Protein chains: 2
Amino acid sequence: MQQTLELSSEVLAQRLADSGLRATPQREMIYEMVLKKRDHPTADEVYARVRADMPGISLATVYNCLETLVQCDLVRAVHFERGPTRYCPNLRPHAHFHDEQSGTIHDVNLTPELLAQIRAVLPPGYDARTVEVTFRGKASPLTSSEHRVAGSE
Amino acid sequence: MQQTLELSSEVLAQRLADSGLRATPQREMIYEMVLKKRDHPTADEVYARVRADMPGISLATVYNCLETLVQCDLVRAVHFERGPTRYCPNLRPHAHFHDEQSGTIHDVNLTPELLAQIRAVLPPGYDARTVEVTFRGKASPLTSSEHRVAGSE
DNA sequence: AGTGAGATTTAGAACTATTCCAATGATATA
DNA sequence: TATATCATTGGAATAGTTCTAAATCTCACT
């Protein structure tokens with residue numbers, strides 16, 4: 001598990017610089033927070049977590065920073081159902097399993113092969129930048145704790 | 001193309017009855033409207049279309065009826081991005097291609113085989129009721145008109 | 001046909017999530 | 001250090017949806 005071989009703050013600073021943006025304490029804090037707990041928080045949840053360490057931050061800034069992180073390809077915004085946008089720090093190809101009973105979300109790895117097969121259904125002329133796969137159903141309690149990767153509170 | 005071999009109003013009445021609900025003019029009208037133009041309208045768009053024929057209908061009723069149709073499995077609610085819920089009358093297994101330039105949505109057929117393969121990535125204990133596949137990208141104009149199945153205005 | 005129970009519709013208020021805005025504060029560069 | 005630009009902030013504004021309470025309709029039963 002090489003998580004901090006490259007410091008996330010450096011990755012952030014680099015990506016921001018690439019887009020002509022500045023590294024600010026708010027952006028760093030929010031990026032750290034989203035990476036730390038690898039679930040799918042809403043802006044409000046991020047706001048709550050960040051305020052513990054940075055009490056003066058505003059909700060507008062949380063929205064701004066999350067949007068910036070999305071622009072820099074450091075997190076992804078997802079919309080599982082109607083309701084608040086959720087932010088996903090997992091950048092590897094994966095599907096989302098939405099447990100309808102608990103409301104939790106589990107990441108499920110996708111192989112490049114399967115992704116290629118899915119893309120193959122597109123008629124010529126369709127150029128997909130991204131592919132999203134979402135399951136909805138129930139995960140039986142016994143296995144859900146073992147396989148659980150991430151979920152909302 | 002056997003679209004009205006079984007009258008859609010009868011299908012609706014049956015499904016409603018199955019759930020102990022009544023067939024009302026508003027429910028029938030909204031169901032007809034959604035079937036007639038097979039795109040992915042928002043509640044507001046349905047409201048606008050329905051009002052032409054039924055001027056007194058309220059937006060709340062449109063929301064209520066659409067929700068009822070979703071409960072009866074006659075249409076599906078989809079959320080492509082932050083923004084209004086869209087309603088999809090296509091009940092066959094299909095993916096959605098979201099053209100990022102035009103904002104239009106195209107249905108893309110999915111084979112049962114591919115769906116089975118996708119489901120196969122789930123670890124044991126995960127029981128998926130539904131699978132959703134969404135592409136985002138651009139459809140080149142030449143082919144998009146040929147393959148276009150449905151889109152928002 | 002009349003009546004009551006419950007289902008349905010309606011208008012508008014309330015609510016949630018998000019964006020906009022104008023003022024303030026921070027930063028990099030000349 | 002002045003200046004231009006970028007970023008943050010709080011509050012107002014907006015969009016989409018849900019809630020609420022009253023009016024209306026429908027059905028089953030007389």
Side-chain angles (χ1 to χ4, degrees), chain A residues 9 12-31 33 40-51 53-72 74-75 77-87 103 152-153, chain B residues 9 12-31 33 40-51 53-72 74-75 77-87 103 152-153:
Chain A
S9 61
L12 172 63
Q14 186 57 58
R15 290 293 184 88
L16 287 169
D18 291 349
S19 306
L21 302 171
R22 295 171 185 167
T24 66
Q26 290 88 344
R27 284 171 178 168
E28 282 170 1
M29 170 71 71
I30 286 170
Y31 185 45
M33 277 300 174
H40 302 82
T42 63
D44 261 330
E45 285 165 1
V46 173
Y47 183 42
R49 292 180 201 170
V50 166
R51 261 205 297 189
D53 292 17
M54 193 181 265
I57 198 168
S58 81
L59 179 57
T61 298
V62 174
Y63 274 103
N64 290 341
C65 292
L66 286 170
E67 177 58 21
T68 300
L69 294 178
V70 169
Q71 296 310 319
C72 293
L74 291 168
V75 309
V78 289
H79 303 92
F80 297 122
E81 55 191 346
R82 105 147 234 72
T85 301
R86 293 185 172 274
Y87 296 87
S152 64
E153 294 291 283
Chain B
S9 61
L12 172 63
Q14 186 56 59
R15 290 293 184 89
L16 287 169
D18 291 348
S19 305
L21 302 171
R22 294 171 182 166
T24 66
Q26 289 89 343
R27 284 172 178 167
E28 282 170 1
M29 170 69 73
I30 285 169
Y31 186 45
M33 276 300 174
H40 302 82
T42 64
D44 262 330
E45 285 164 1
V46 173
Y47 182 44
R49 292 179 201 169
V50 166
R51 261 205 298 189
D53 292 18
M54 193 181 266
I57 198 168
S58 81
L59 179 56
T61 299
V62 173
Y63 275 104
N64 290 341
C65 292
L66 286 170
E67 176 57 21
T68 300
L69 295 178
V70 169
Q71 297 310 320
C72 293
L74 290 168
V75 310
V78 289
H79 302 94
F80 297 121
E81 55 190 348
R82 99 198 55 165
T85 302
R86 292 184 172 274
Y87 296 87
S152 64
E153 297 289 283

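Every heavy atom of this structure was used, including side-chain atoms; hydrogens, water molecules and symmetry mates were not. Predicted model only: the values in this text are computed from it and were never measured. In what follows, chains carry the letters A, B, and so on, assigned in the order in which the sequence lines appear, proteins first and then strands, with residues in each chain numbered from 1.
Distance OH (Y47(A)) to P (dT18(C)): 14 Å, rounded to an integer number of Å. Between the CD atom of E45(A) and the P atom of dT18(C) there is a distance of 11 Å, given to the nearest Å.
Here the closest heavy-atom approach between residue H40(B) and residue R86(B) is recorded as O-NH1, 2.6 Å. Scanning both residues, Y87(B) and A77(B), for their nearest heavy atoms gives CE2-CB, 4.1 Å. Across I30(A) and V62(A), no two heavy atoms sit closer than the pair CD1-CA, 3.7 Å. Summarising the geometry of Y31(A) relative to L74(A), their closest heavy-atom pair is OH-CD2, 3.5 Å, with the distance given to 0.1 Å.
Q71(A) pairs by the side chain to side chain donor-acceptor pair (under 3.5 Å) definition with E67(A), not counting sequence neighbours. For the ring pair (Phe, Tyr, Trp, His ring centres under 6.0 Å) test, no residue two or more places apart in sequence or in another chain qualifies with Y47(B). Applying the side chain to side chain donor-acceptor pair (under 3.5 Å) criterion to T68(A), with sequence neighbours excluded, gives no partner residue. Scanning for side chain to side chain donor-acceptor pair (under 3.5 Å) contacts around T85(B) gives H79(B), with sequence neighbours left out.
Mapping M54(B) and R82(B) onto DNA chain C by nearest heavy atom places M54(B) at the nucleotide closer to the 5' end.
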Please list, one pair per line, the donor and acceptor atoms closer than 3.5 Å that link side chains of residues 14-26 of chain B to other protein atoms, with sequence neighbours excluded.
from	atom 1	to	atom 2	distance (Å)
Q14(B)	NE2	D18(B)	OD1	2.9
R15(B)	NH1	C72(B)	O	2.8
R15(B)	NH1	D73(B)	O	3.4
S19(B)	OG	R15(B)	O	3.4
T24(B)	OG1	R27(B)	N	3.1

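Residues of residues 60-67 of chain B that place a heavy atom closer than 4.0 Å to DNA chain C, in numerical order, are A60(B), T61(B), N64(B). Of all the residues in residues 19-30 of chain B, R22(B) reach under 4.0 Å from DNA chain D with at least one non-hydrogen atom.
On the nucleic acid side, DNA chain D contacts chain B at distances under 4.0 Å to non-hydrogen atoms, with the end points of that region at dG16(D) to dT26(D).
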